[in-house]
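Data block below; observations after.
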Amino acid sequence: MDLASFLLATALAHVGFAIFVAAHASFTERNAGRWPYVTLALGLAGVAAYFFYDETSSDGNI
């Protein structure tokens, strides 16, 4: 796979993940906050953080 194809596939995946996070937050009536933007930048790591980050905790806020 050449570099341009890899970068395009990566960008499309990150956009898809960000849309998924925003849609999930909307469907579950959960506040997405900054997580779609974090997911757009970090991809799958952002999705994982969205699901496992505890908003009720007073430490570790982004």
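Heads up: numbering here begins at 1 and tracks the sequence. Computed over heavy atoms, backbone and side chain alike; hydrogens, waters and symmetry mates excluded.
A pairwise comparison of heavy atoms in Val21 and Thr39 identifies CG2-OG1, 3.7 Å as the closest pair. Taking every heavy atom of both residues into account, Ala25 and Ala32 meet most closely at CB-CB, 3.5 Å.
Going from atom CZ of Phe51 over to atom CH2 of Trp35 covers 12.0 Å, rounded to the nearest 0.5 Å.
Shown here are the side chain to side chain contact (heavy atoms under 4.5 Å, CB included) partners of Ile19, two or more places apart in sequence or in another chain: Val15.
Under a hydrophobic-cluster definition in which Ile, Leu, Val, Met, Phe, Trp and Tyr are linked whenever side-chain heavy atoms come within less than 4.5 Å, directly or via other members, Phe17 and Leu42 are assigned to the same cluster.
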Would you be so kind as to tabulate the donor-acceptor pairs closer than 3.5 Å made by side chains of residues 5-12, with sequence neighbours excluded?
| residue | atom | partner | partner atom | Å |
| --- | --- | --- | --- | --- |
| Ser5 | OG | Asp2 | OD1 | 3.0 |
| Thr10 | OG1 | Phe6 | O | 2.8 |

